[in-house]
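For reference, the structure discussed in these notes is given below.
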Amino acid sequence: MKVEDGSTLSRADCRAKGGPPGFKMAIVGAAGGIGQPLAMLMKMNPLVSVLHLYDVVNAPGVTADISHMDTGCCGKLQLESALTGIDLVIILAGVLRKPGMTRDDLFNINAGIVRTICEGIAKACPKAIVNLISNPVNFTIPIAAEVFKKGDTCDPKQLLGVTMLDVVRENTFVVILGLDPREVDVPVVGGHAEVDVPVVKPPCSFTKEETEYLTNRIQNGGTEVVEATVGAGSATLSMAYTAVKFAYACLRGLREDAGVVECTFVASEVTELPFFATKVRLGRSGAKEIYQLGPLNEKIRLEKAKTELAASIQKGVSFIKK
Ligand SMILES: NC(=O)c1ccc[n+]([C@@H]2O[C@H](COP(=O)([O-])OP(=O)(O)OC[C@H]3O[C@@H](n4cnc5c(N)ncnc54)[C@H](O)[C@@H]3O)[C@@H](O)[C@H]2O)c1
Ligand SMILES: O=C(O)C[C@H](O)C(=O)O
């Protein structure tokens with residue numbers, strides 16, 4: 001959309017002129033494998049009025065490219081200016097896994113990157129909802145939370161670790177079991193990947209074999225893709241799809257739509273751990289209501305996941321406190 005002087009008219013300007021309302025959003029790590037399709041899809045979302053793209057490489061190229069899509073957008077080259085006034089930030093910045101690596105192997109590089117970006121958020125948009133995707137999510141969420149605690153400006157419930165790819169995979173694999181995902185309620189709780197646990201809710205139930213199949217496919221879904229791409233990347237398009245779904249739910253929460261419920265790794269009191277992935281109801285400031293686990297079919301697996309999660313959380317917290 002163009003105004004007479006040739007500059008881009010964003011949807012925020014449209015709002016002032018009686019056009020559709022929207023939120024301001026930033027993607028950090030926008031020139032990467034997930035970032036590019038995500039940027040394209042968010043640019044098409046009617047709830048987004050302004051989209052800022054930030055990366056340490058090629059952000060101007062991606063910005064120039066998608067700015068030719070005939071919807072409102074602008075790119076920003078400095079981290080703080082990219083974040084100023086933003087309602088929703090998606091963090092994808094960092095490195096990804098190659099075959100033979102675990103997610104934990106990414107910690108040494110991604111921990112520092114996530115810290116720097118979160119320091120920027122604490123200064124420039126402390127009220128923003130943050131969707132953190134950079135791995136290892138079970139470590140980067142505690143890092144981000146410690147940074148925000150230092151700034152003392154952010155509500156812990158604004159920080160949402162994106163574990164929804166586990167749920168998307170679960171919906172996919174449930175179909176392979178011959179079930180309709182709309183008719184079974186299987187929240188994936190715990191954390192991301194190896195420590196996620198699908199917990200089937202009554203009245204639906206799985207056989208032992210079905211539970212084994214589902215759990216293994218979900219927990220190893222990322223590795224399946226990393227190995228299939230033979231070093232070219234990890235889950236990219238399925239993650240961009242998932243990131244859009246989760247961001248859309250957050251935007252609907254910001255708009256205060258009723259009944260927006262998704263699974264996310266968030267500051268929580270449902271277990272003795274300070275962070276845990278469960279279903280939450282999204283609202284203006286992120287996770288408005290955190291759902292209890294309820295009756296569990298997976299107690300033993302969950303206890304094992306909690307032990308591993310506790311170690312990840314501790315390592316993330318120590319990274320900031322050291
Ligand atoms: N949570 C999940 O379910 C999930 C799923 C898939 C991937 N991931 C993770 O998401 C991250 C991104 O994956 P990808 O496939 O897009 O990787 P990628 O390597 O293609 O892209 C990462 C981008 O981050 C940028 N970057 C690096 N340091 C930066 C910094 N300091 N500031 C801004 N940008 C910076 C890079 O330039 C690159 O463009 C990885 O850590 C990956 O493991 C998580
Ligand atoms: O497997 C990875 O490294 C990326 C992501 O965590 C996934 O589950 O696909």
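First listed ligand is number 1; within each ligand, the first listed atom is number 1.
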With sequence neighbours left out, the residues meeting side chain to side chain donor-acceptor pair (under 3.5 Å) with Y213 are R217
How does R169 reach ligand 2, by side chain, by backbone, by both or by neither, if only non-hydrogen atoms under 4.0 Å count?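 It is the side chain that touches ligand 2; the backbone stays farther off.
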Is there any N or O on T223 that sits under 3.5 Å from an N or O of ligand 2? no
Kindly state each residue pair satisfying ring pair (Phe, Tyr, Trp, His ring centres under 6.0 Å) with at least one member in residues 246-270, sequence neighbours excluded.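 For residues 246-270: none.
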For residues 80-127, which residue pairs qualify under ring pair (Phe, Tyr, Trp, His ring centres under 6.0 Å), counting only residues two or more places apart or in two chains?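 Qualifying pairs, neighbours excluded: F107-F139, F107-F319.
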Note the single closest protein heavy atom to atom 3 (O) of ligand 2, along with its residue, its atom name and the distance in Å.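 So the nearest neighbour among protein heavy atoms is R97 NE, 2.7 Å.
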Which protein non-hydrogen atom lies closest to atom 4 (C) of ligand 2, naming both residue and atom, and how far is it? N135 ND2, 3.5 Å
Does M101 have a heavy atom less than 4.0 Å from any atom of ligand 2?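 It does not; every heavy atom stays at 4.0 Å or beyond.
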Is the shortest distance from a heavy atom of V225 to ligand 2 less than 4.0 Å? no
Ignoring hydrogens and geometry, is there a side-chain-to-backbone donor-acceptor pair from S285 to Q158 under 3.5 Å? no
For ligand 1, what is the set of protein residues having any non-hydrogen atom at a distance below 4.0 Å?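 Lining ligand 1 at under 4.0 Å, by heavy atoms, one finds V28, G29, A31, G32, G33, I34, Y54, D55, V56, V57, L92, A93, G94, V95, L96, L106, N110, I113, I133, S134, N135, V137, V162, L165, H192, A235, M239.
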Do you reckon V270 sits in the same ILVMFWY cluster as V261, going by side-chain contacts under 4.5 Å, direct or chained? no
